[in-house]
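Quick caveat: nothing in here was measured; it's all calculated off a predicted structure. Along the sequence shown, residues carry numbers from 1.
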Amino acid sequence: MILGILMLAIAVLTGCGNSQGTSSSGTAKSATSSAAQAGKDVTIKMLNVGQGDSILIQTAEQTVLIDTSDVDERDKFKRELDKAGVKKIDKVILTHPHADHIGGMDVLLKDYQVGEVYDNGMPSTSKLYIGYMKQLKSKGIKHTALKAGDVLDFGGGVSFKVFYPTKELVEKGTQKGYKHDPNNESIVGKLTYGDFSMLFTGDAEQPVEEQLLKSDAKDLRSTILKSPHHGSSTGSSVPYLKAVWPEAVLISCGKGNDYGHPHTDVLARYLGQSTYKDRRDGSQKKTKLVKNDKGEVYKGKVYETDKNGTITVTTNGKDYSIKAEEGDAQ
């Protein structure tokens with residue numbers, strides 16, 4: 001009887017030991033898998049599509065496109081996608097319905113497989129907007145409106161958190177008779193992969209920056225900044241740049257564009273230069289510099305598509321590199 005009790009006790013202990021071993025092994029396997037996934041390269045390409053925006057993100061699991069360039073740059077847009085080997089786009093995010101951001105949707109929906117399309121959820125009278133909405137319906141492509149607080153999974157450990165527009169703005173923007181300000185209804189969001197992050201801004205201007213400083217100031221700090229509104233002086237305010245404090249700034253703009261983008265005062269602010277040449281009268285003026293709490297002047301690396309061509313960021317979630325088709329950073 002005593003022998004029987006001893007054998008039963010051994011069996012129970014052995015069973016417990018096996019159970020713990022399986023649990024420990026599963027946890028280790030999961031951790032190893034996550035670590036391996038976090039080490040896979042993610043590429044972010046600011047495409048050279050003239051005076052417009054289009055940024056291609058390729059993770060281990062998905063291909064994502066933020067904006068689709070301008071109407072008159074559709075051929076260039078398609079060449080850039082084909083050069084990157086794109087066949088299918090899992091997610092398309094349209095920051096706002098201006099032509100230089102949604103102008104390539106016809107090409108995209110005609111020549112590529114598209115999984116889902118996201119925008120700010122506010123209606124537009126733009127023919128381009130109406131056109132792509134009709135196509136989404138006819139093709140049965142899922143359409144989702146984004147608002148502050150939403151988080152998208154880009155696969156492979158990459159996430160995208162939306163800071164703007166707010167739920168309140170979207171509700172106002174869907175009401176009949178509402179007067180829209182498309183730039184300041186842009187989707188603003190932050191991509192995060194391990195220790196790396198990049199802030200995407202559409203054409204959001206200072207009113208949006210001021211609101212984000214009130215609601216999301218602590219979350220704005222990012223490794224790389226996509227320059228708001230093609231480097232216009234309507235954005236990139238001193239307080240905003242202080243909060244973001246990026247190591248590099250990427251600007252999408254066309255050579256000799258009619259808007260003078262990037263504006264010289266903003267470029268000088270990015271580069272930490274004390275003076276700049278006014279684009280209107282040619283005079284030298286003092287730059288409104290960005291300083292941290294220690295009084296150190298902000299100075300980042302700047303890349304422009306008009307000077308550097310397509311700009312490619314590659315990151316494994318820890319380290320990153322930036323490679324331009326032409327030239328170096330300013």
Looking at [X] and [Y], what are the two nearest heavy atoms and their distance?
X	Y	result
I66	F200	CD1-CD2, 3.7 Å
P182	H96	O-CB, 3.5 Å
G295	K291	O-CD, 3.9 Å
P228	Y240	CG-CE2, 4.4 Å
I55	K226	CD1-CG, 3.7 Å
Y129	M122	OH-O, 3.9 Å

Contact check, side chains of [X] and [Y], non-hydrogen atoms, under 4.5 Å:
X	Y	result
K40	Y193	yes
F196	V42	no
V117	L94	yes
T43	V313	no
H229	N183	yes
L152	Y118	yes
I130	L128	no
T223	T315	no

Would you say [X]'s side chain and [Y]'s backbone share a donor-acceptor pair under 3.5 angstrom?
X	Y	result
T264	K277	yes
T192	S159	no
T201	A204	no
T63	I89	no
N184	D181	no
R269	S236	yes
S232	T234	yes

TODO: Could you label the plane-to-plane angle of the H261 and Y259 rings as parallel, tilted or perpendicular, counting under 30° as parallel and over 60° as perpendicular?
DONE: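 Ring orientation of H261 relative to Y259: parallel.
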Rounded distance (nearest 0.5 Å) linking atom [atom1] of [X] with atom [atom2] of [Y]:
X	Y	atom1	atom2	answer
T305	I311	OG1	CD1	5.5 Å
E185	H98	CD	NE2	9.0 Å
L65	I57	CG	CD1	8.5 Å
S124	M133	OG	CE	10.5 Å
L267	S233	CG	OG	12.0 Å
N120	L146	CG	CG	8.5 Å

Do [X] and [Y] share a hydrophobic cluster (ILVMFWY, side-chain heavy atoms under 4.5 Å, transitive)?
X	Y	value
F160	L220	no
Y164	V244	yes
I44	V92	no
L199	V266	yes
L191	I187	yes

Open item on the list: Around atom CG of D281, are there more than 12 heavy atoms from other residues, nucleotides or ligands closer than 6.0 Å?
Closed with: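 Yes - once you tally the heavy atoms of other residues, nucleotides and ligands closer than 6.0 Å, there are more than 12.
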Task: Y270: partners by ring-ring contact (aromatic ring centres under 6.0 Å, His included), with sequence neighbours left out - done: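 By the ring-ring contact (aromatic ring centres under 6.0 Å, His included) rule, Y270 matches no residue at all.
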Open item on the list: Salt bridge or not between D195 and K318? Use side-chain N to carboxylate O under 4.0 Å.
Closed with: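 Salt bridge: no.
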Residue pairs, two or more places apart or on separate chains, that pass salt bridge (charged side-chain N to carboxylate O under 4.0 Å, His left out) and touch [range]:
range	answer
residues 197-210	none
residues 151-167	K161-D219
residues 124-141	none
residues 62-76	E73-K76, R74-D106

Would you please say whether a donor-acceptor pair under 3.5 Å links the side chains of [X] and [Y]?
X	Y	result
Y132	D119	yes
D100	H230	yes
Q284	T275	yes

Taking only residues two or more places apart in sequence or in another chain, which ones pass side-chain contact (heavy atoms from CB on, under 4.5 Å) with [X]?
X	result
K88	D90, Q113
A268	Q273, Y276, T287
S215	L212

Open item on the list: Quick one, L109 with I141, criterion side chain to side chain contact (heavy atoms under 4.5 Å, CB included). Give me CA distance, side-chain angles, the key distance, then yes/no.
Closed with: CA-CA 10 Å; L109 294 171; I141 297 172; 3.7 Å; yes
TODO: I would like to know whether T312 and I322 meet side chain to side chain contact (heavy atoms under 4.5 Å, CB included); could you show each step before the answer?
DONE: CA-CA 6 Å; T312 303; I322 302 177; over 6 Å; no
Result block: side-chain N/O donor-acceptor pairs under 3.5 angstrom for residues 245-255, not counting sequence neighbours:
residue : atom : partner : partner atom : Å
E247    : OE1  : Y320    : OH           : 2.6
S252    : OG   : G52     : O            : 2.5
S252    : OG   : D53     : OD1          : 3.4

Task: Co-members of V297 in a cluster of I, L, V, M, F, W and Y side chains, linked at under 4.5 Å - done: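 Via sub-4.5 Å side-chain contacts, V297 links to L289.
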Open item on the list: Before you tell me yes or no, could you show the steps for K110 and L108 under side chain to side chain contact (heavy atoms under 4.5 Å, CB included), namely the whole-Å CA-CA distance, both residues' side-chain angles and the distance that decides it to 0.1 Å?
Closed with: CA-CA 5 Å; K110 174 177 173 288; L108 211 61; over 6 Å; no
Could you pull out every donor-acceptor pair under 3.5 Å between side chains of residues 168-175 and any protein atom, sequence neighbours left out?
residue : atom : partner : partner atom : Å
T174    : OG1  : V170    : O            : 3.3
T174    : OG1  : E171    : O            : 2.9

Quick one: side chains of residues 323-330, donor-acceptor pairs under 3.5 Å with protein atoms, not counting sequence neighbours, listed by atom name and distance.
residue : atom : partner : partner atom : Å
E325    : OE1  : T310    : N            : 2.9
E325    : OE2  : K83     : NZ           : 2.8
Q330    : NE2  : E304    : OE2          : 2.6

